[in-house]
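Quick note: numbers below take in every heavy atom, side chains included, and nothing from hydrogens, waters or symmetry partners. We name chains A, B, ... by the order of the sequence lines, and we start the count at 1 in each one.
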2 protein chains.
Amino acid sequence: MVKTATKLDRTKLDRTEVVSAALDLVLREGPGALTMRRLATDLDVGTPTIYWHVGSRDELVAAVIRAQAERFAERSVEGTTARDRVLSAARNIYAAAAEERAVTSLAHQTGTSSLLLGRLEDALIAELQAAGLNRAGVHDALRSILVVVTGALVLTLRDPTKHAADRDELVWSGCDLDALTTATLRAVVDRHVHE
Amino acid sequence: MVKTATKLDRTKLDRTEVVSAALDLVLREGPGALTMRRLATDLDVGTPTIYWHVGSRDELVAAVIRAQAERFAERSVEGTTARDRVLSAARNIYAAAAEERAVTSLAHQTGTSSLLLGRLEDALIAELQAAGLNRAGVHDALRSILVVVTGALVLTLRDPTKHAADRDELVWSGCDLDALTTATLRAVVDRHVHE
DNA sequence: ACCTGAACACCGTTCAAGT
DNA sequence: ACCTGAACACCGTTCAAGT
């Protein structure tokens, strides 16, 4: 009897195959599940094999983040007025990251958020320039907006099951973080782009 | 010859002693240094002893955060107008957390930030109420302000030595995050508290 | 070139056993 | 009540050795 593999008759393992398996693992079971041993088991391979293909865990994570970043690329900016378009581009960053909580958390933990959201940040920069801001104005507005987006993301991704203080429950229960983010963004966008 | 201990002639180990040693360790060498074994070595004691006193690492971290939170308590709110006082209370949260990067990072990693900053958040709530906002208004303003403070903190604590993208360098180099935070806070405070 | 078993140096945690 | 040595089940990583 020919040895028919249980999973799929792998001939060779590919670097991109490793990375996409890692991304799948993160999407399915969260960032905590991304272990070299676990990934190796999923791929039906020894642990050192993973290292041969990706070098280290840090490099693997960076590759995973980049893979997800490409999926974020095709979000388009809506609106006609400069303000609306800037707000739309800013909301895109928040919305994309909030939709893929697992990958965003992973990026956040490893300090590679800008690797994940860089393309969408570039789109925001383009809208700020189109709004007529000069170099310094673009930078100021961009930074302020990223402060709000980052804060909104952290508060959104926070695990609500383990509120540190009892007061958290009161303050954040029944809070539409999406609407809150939009409102807060509008406040800082209005500050930076006039008409 | 009587057995004179090398460090200090410990008679008994105390729970508060364990916690303050842990806080010291975090302040001196960062959150990554806080391991049960390392702390046990510092206290010249076996690892299970730490567990006997604090239960688990999570409980230890919570106690450490609470200890630092008490040191944050005495910051006072400045200003005369309602807007200035709200802004001052908001800035206090950011400033306190930014001054103790190590503990703030630890709180952030473990999702216990509100345990660290709760007292200062309460002070902010008091100022919002004093500004004449009703219950819903206080909550809305508080949440928006916490979004900005959280975002500013994350971007401030971020390790600048490992910028994920090359563009980060360009956007954030020579950026006064303190001034940026104040400006962004002013934008959302002005939005919520009118005179 | 691609993959492995075995090991190294770490974790948090537990537990029977000592005083 | 307080503390210990030894173990368990995990990590990331390396390395000689196999094909």
Side-chain angles (χ1 to χ4, degrees), chain A residues 2-3 5-23 25-26 29-65 102 105-107 109-112 159 162, chain B residues 2-3 5-23 25-26 29-65 102 105-107 109-112 159 162:
Chain A
V2 189
K3 181 186 155 198
T6 52
K7 302 203 140 183
L8 52 88
D9 231 344
R10 262 194 311 96
T11 42
K12 274 285 178 58
L13 195 54
D14 201 325
R15 185 195 148 94
T16 64
E17 209 173 336
V18 173
V19 172
S20 82
L23 177 54
L25 182 55
V26 170
E29 307 190 26
L34 182 54
T35 300
M36 304 304 264
R37 282 173 173 82
R38 170 66 194 277
L39 181 59
T41 304
D42 280 16
L43 286 167
D44 225 16
V45 106
T47 314
T49 302
I50 308 294
Y51 284 85
W52 196 93
H53 283 289
V54 299
S56 72
R57 187 176 191 273
D58 280 353
E59 289 180 55
L60 173 62
V61 168
V64 166
I65 300 298
S105 293
L106 179 62
Q109 289 164 16
T110 53
T112 55
D159 189 358
K162 60 165 184 172
Chain B
V2 188
K3 180 187 156 197
T6 53
K7 300 202 142 185
L8 51 89
D9 230 345
R10 262 195 310 95
T11 44
K12 275 287 180 55
L13 195 55
D14 201 325
R15 186 195 148 96
T16 64
E17 209 172 337
V18 173
V19 172
S20 81
L23 177 54
L25 182 55
V26 171
E29 307 190 24
L34 182 55
T35 64
M36 305 304 263
R37 280 174 174 83
R38 171 65 195 278
L39 181 58
T41 304
D42 280 16
L43 286 167
D44 225 16
V45 106
T47 314
T49 302
I50 306 294
Y51 284 86
W52 197 92
H53 284 289
V54 300
S56 72
R57 186 176 192 274
D58 281 353
E59 289 180 56
L60 173 63
V61 168
V64 166
I65 300 298
S105 292
L106 179 63
Q109 288 165 16
T110 52
T112 55
D159 189 359
K162 60 166 186 172

Q) What integer distance in Å separates B:I50:CD1 from D:dC3:P? A) 9 Å
Q: Among C:dT13, D:dT13, C:dG5, find the nucleotide with the atom closest to the side chain of B:R57.
A: C:dT13
**Q.** Over all atoms of both residues, closest heavy-atom pair of A:M36 and A:V54
**A.** CE-CG2, 4.5 Å
Q | Rounded distance in Å - CG (A:L39) to P (D:dG12) | A | 10 Å
Q: Find the distance A:R15:CZ to C:dC2:P and express it as a whole number of Å.
A: 13 Å
Q | Residues which pass side chain to side chain contact (heavy atoms under 4.5 Å, CB included) with B:S56, listed by chain and number, not counting sequence neighbours | A | B:D58, B:E59
Q: Specify the separation, in whole Å, of atom CD of A:E17 and atom C1' of C:dC2.
A: 13 Å
Q. So which nucleotide from D:dT14, D:dC11, C:dA1 ends up closest to the side chain of A:P48?
A. D:dT14
Q | Gap between atoms CZ and P, on B:R38 and C:dG12 respectively (whole Å) | A | 12 Å
Q: Identify the heavy atoms of A:R37 and A:T47 that sit nearest to each other, and give their distance.
A: CG-OG1, 3.8 Å
Q. Counting distance only, does the side-chain N/O of B:K162 pair as donor-acceptor with the main-chain N or O of A:T112 below 3.5 Å?
A. no
Q | Heavy-atom side-chain contact between B:L39 and B:L60 under 4.5 Å | A | yes
Q | Given A:V18, A:D14, A:V19, A:T16, the one that forms side-chain contact (heavy atoms from CB on, under 4.5 Å) with A:H53 | A | A:V18
Q. Is the phosphate of C:dG12, meaning OP1 or OP2, less than 4.0 Å from a side-chain N or O of B:S56?
A. no
Q. From C:dC2, D:dC11, D:dC2, pick the nucleotide closest to the side chain of A:W52?
A. C:dC2
Q. Quick one: is A:T35 getting a side-chain N or O under 4.0 Å of the D:dC11 phosphate, OP1 or OP2?
A. yes
Q.
From C-beta outward on B:M36, which listed nucleotide comes closest to its side chain: C:dT4, C:dT13, D:dC3?
A. C:dT13
Q: Return the value, rounded to whole Å, for the distance between atom CG of A:D44 and atom P of C:dG5.
A: 11 Å
Q: Quickly work out the B:R37 CZ to D:dG5 P distance and round it to whole Å.
A: 13 Å
Q: Examine D:dA1: is either OP1 or OP2 under 4.0 Å from a nitrogen or oxygen in the side chain of B:H53? Give yes or no.
A: no
**Q.** Heavy-atom closest contact (B:L34 atom, B:A22 atom, distance)
**A.** CD1-CB, 3.9 Å
Q | For atom CD of B:E59 and atom C1' of C:dT13, their distance in whole Å | A | 13 Å
Q: Give the dot-bracket string for DNA chain D, reading 5' to 3', where a pair is Watson-Crick or G-U wobble with both distances under 3.5 Å, ( ) marks pairs inside the strand, [ ] marks pairs crossing earlier ones, | marks a partner on another strand, and . marks unpaired.
A: ||.|||||...|||||.||
